[in-house]
Amino acid sequence: MRSPALAIAWEFRQRHRWGLIALAGYFVVLATIKLLIPESSLTFNMDSDERFAVVVMVPLTATFLYVLTVFTFGLSGDVAGRQSMYPARMFTLPVSTTALTLWPMLYGAAAMAMLWLATRLLAVWPSGFDIPVIWPALAAVSLLAWTQALTWMPYGLPGLRVILAVLWLGTVDSIVLLAIRYQASEAVMVAIVAPQIPLAFLAARFAVGRARRGDVPDWRGVFARAQSRLQAPRRFASPARAQAWFEWRGHGRSLPAVVGILLPFELAVLWLAKDAPAFVFELLFLVLITPPFMAAFTAWTVNRPNPQVRDSYGVPPFIATRPLTSAELIAAKLKMALWSTLAAWLLVLVAMPLALEWSGTWSMVTEHVRRMHDAIGTPRATTVVLLILAGFIVTTWKQLVQSLHIGLTGRAWIVKGSVLLTLTLLILLGPIVEWISDTPSVQRALWNALPLILAGLVGLKMSAAAWIATRLDRNRLLGDRALVVGAACWVLAVLALYGVLVWFFSTPFVARYVLALIAILAVPLVRISAAPLALAWNRHR
């Protein structure tokens with residue numbers, strides 16, 4: 001490469017070209033909606049808060065988080081670790097530390113500004129909505145710059161990065177929210193946000209310089225007793241338990257750490273929504289989908305044993321040669337995903353009620369719950385809440401583990417293709433849902449064809465499960481007892497879910513066989529069962 005700018009640009013293009021293509025597709029979708037479905041249309045307008053959130057805010061938030069993850073190198077290290085998350089392989093480039101800091105920040109700033117300006121220009125906004133021009137782009141750039149500085153900094157204690165990120169970014173975010181609350185002009189907002197960008201660059205330059213010198217402080221010696229305990233040899237009852245501990249130390253803390261960083265920013269908006277109940281519930285929905293959404297990205301790091309090595313997927317040789325079967329290696333990852341999911345949701349379930357109480361919006365939630373209680377009764381109201389919460393928790397766990405069969409294949413083209421497909425579907429989901437909701441004929445056709453669609457999907461799922469079970473037994477990856485126990489547990493989960501659905505939807509308008517098909521599709525089976533096959537394919541090639 002002739003210049004550091006081209007070298008670092010090539011780095012981003014090679015590693016994230018499919019995601020950036022999906023980002024360009026997001027702009028194309030916005031432009032298509034803008035051109036083909038004008039705001040004045042009687043069947044499609046943005047005056048509904050729910051519609052605006054689904055079509056504009058959810059895709060915008062998803063793309064914003066993706067850009068934030070890419071340009072902070074968020075997939076290149078352990079967010080809860082002591083070492084810098086800046087890729088160590090780039091420290092060997094024959095360029096200055098300033099260049100290593102400047103160009104990723106410039107490219108990220110350009111992407112953030114482009115994301116906001118394109119959304120402002122192409123999205124369909126509610127009528128009469130005063131859309132600012134400059135300061136949201138500067139706020140996004142400032143947030144990215146400070147996140148880069150905090151994630152690239154080496155720390156003396158594990159987890160300290162997460163604590164400082166939450167405190168500092170929460171403070172910056174609170175200042176901006178207070179300015180919005182008191183209706184500050186755009187010039188005032190620019191004066192608040194713009195000076196933070198050069199300060200963040202200086203902090204990031206200092207962080208990259210320390211990391212490049214290998215200057216990683218170690219403050220664990222202050223806690224002598226804890227240090228001696230950490231240095232004592234650990235004894236495990238079996239290799240499987242040792243592998244589960246290794247998986248947790250390597251990947252289990254990433255999702256709780258990311259969720260802990262994002263929660264203060266999302267919940268801080270509650271202080272601005274005291275007079276808008278609809279917006280409060282939209283914000284709570286955003287908080288609830290944060291763990292499963294971020295699990296889809298952190299799952300990629302779970303499948304990459306060495307993020308510093310380009311196109312490194314599956315299992316490294318030193319793990320592949322351990323005295324563990326492929327099934328035991330998969331079980332360790334499943335346990336790690338379970339503990340990671342529970343830790344992330346513990347943060348959500350603690351932070352959300354506290355934020356509702358402190359912001360004065362708790363009464364809005366209790367009023368909505370009271371209305372639901374009066375409408376459907378206490379048992380069903382409780383069941384609805386528990387089912388929604390359990391659905392989000394299970395979805396988070398599924399996001400962490402359902403891509404194991406893809407990442408463990410060790411084939412880069414399969415992994416990158418799945419990432420592109422996921423981003424594309426996420427971007428297209430909102431417009432498709434709104435098109436269906438605004439077209440009664442399509443709704444009738446889908447409703448009439450729903451049993452056939454569900455039956456076809458169940459047929460495909462069970463056929464794939466039978467083929468995978470045959471291969472697992474033929475290749476001796478799982479014993480007969482493990483296959484029978486796994487099938488029995490899956491059947492019990494399906495029957496339990498079916499029983500809850502039948503009890504809740506006790507109406508002649510919904511056939512019970514439809515509920516059975518939904519229960520079969522809801523309980524994961526095929527992708528988790530395929531993980532041992534994918535691992536064996538990669539392990540023995």
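Numbering of residues begins at 1 and proceeds along the displayed sequence.
Looking only at side-chain heavy atoms (C-beta outward), Met352 and Leu288 come within less than 4.5 Å of each other. Counting heavy atoms from C-beta on, the side chains of Lys335 and Trp248 never come closer than 4.5 Å. Residues Pro154 and Gln83 form no side-chain contact, since every pair of their non-hydrogen atoms from C-beta on lies 4.5 Å or further apart. No side-chain heavy atom of Thr147 sits under 4.5 Å from any side-chain heavy atom of Phe71.
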Show me the donor-acceptor pairs within less than 3.5 Å that the side chains of residues 101-112 make with the rest of the protein, sequence neighbours left out.
unit_1	atom_1	unit_2	atom_2	d
Thr101	OG1	Thr97	O	3.0
Tyr107	OH	Ala5	O	2.6

Exercise answer: donor-acceptor pairs, residues 338-345 side-chain atoms, under 3.5 Å, sequence neighbours excluded:
unit_1	atom_1	unit_2	atom_2	d
Ser340	OG	Gly252	O	2.9
Thr341	OG1	Ala337	O	2.8
Trp345	NE1	Thr396	OG1	2.9

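When all heavy atoms are compared, the tightest approach of Ala200 to Ala149 is O-CB, 3.8 Å. Arg210 and Pro217 get closest at one heavy-atom pair: NH2-CD, 3.6 Å. Closest heavy-atom contact between Leu354 and Val350: CG-O, 3.3 Å. Annotation for Leu349 and Pro353: closest pair O-CD, 3.0 Å, computed over non-hydrogen atoms.
Atoms NZ and CD, on Lys333 and Gln243 in that order, are 7.5 Å from each other to the nearest 0.5 Å. Here the straight-line distance linking atom CG of Leu202 with atom CD1 of Ile197 works out to 12.5 Å at 0.5 Å rounding. Atom CZ of Arg120 sits about 7.0 Å away from atom CH2 of Trp116, to the nearest 0.5 Å. Going from atom CD1 of Ile388 over to atom CD1 of Ile393 covers 12.0 Å, rounded to the nearest 0.5 Å. A distance of 11.5 Å separates OG of Ser142 from CH2 of Trp135, quoted to the nearest 0.5 Å. In this structure, OG1 in Thr290 is found 10.0 Å from CZ in Phe392, a value given to the nearest 0.5 Å.
With sequence neighbours excluded, the residues that form a side chain to side chain contact (heavy atoms under 4.5 Å, CB included) with Ala194 are Leu138, Val190. Residues meeting the side chain to side chain contact (heavy atoms under 4.5 Å, CB included) test with Leu347, sequence neighbours left out: Pro256, Leu263. Among residues two or more places apart in sequence or in another chain, the side chain to side chain donor-acceptor pair (under 3.5 Å) test is passed with Ser96 by none. Remark: Leu117 engages no residue in a side chain to side chain contact (heavy atoms under 4.5 Å, CB included) (not counting sequence neighbours).
A distance-only check finds a donor-acceptor pair linking the side chain of Tyr86 to the backbone of Leu100 [under 3.5 Å].
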Leu356 vs Leu284, test: side chain to side chain contact (heavy atoms under 4.5 Å, CB included). Steps then yes/no. CA-CA 10 Å; Leu356 288 171; Leu284 294 180; 4.0 Å; yes
Between Leu93 and Arg89, does the side chain to side chain contact (heavy atoms under 4.5 Å, CB included) criterion hold? Intermediate values first, please. CA-CA 8 Å; Leu93 295 176; Arg89 65 180 182 276; over 6 Å; no
List the steps and the verdict of side chain to side chain contact (heavy atoms under 4.5 Å, CB included) for Arg212 and Phe91. CA-CA 6 Å; Arg212 197 177 195 185; Phe91 292 150; 3.8 Å; yes
Assess the residue pair Tyr155 and Leu150 against the criterion (side chain to side chain contact (heavy atoms under 4.5 Å, CB included)); give the C-alpha distance rounded to whole Å, side-chain angles, the decisive distance to 0.1 Å, and a yes or no. CA-CA 10 Å; Tyr155 294 88; Leu150 294 170; 3.9 Å; yes
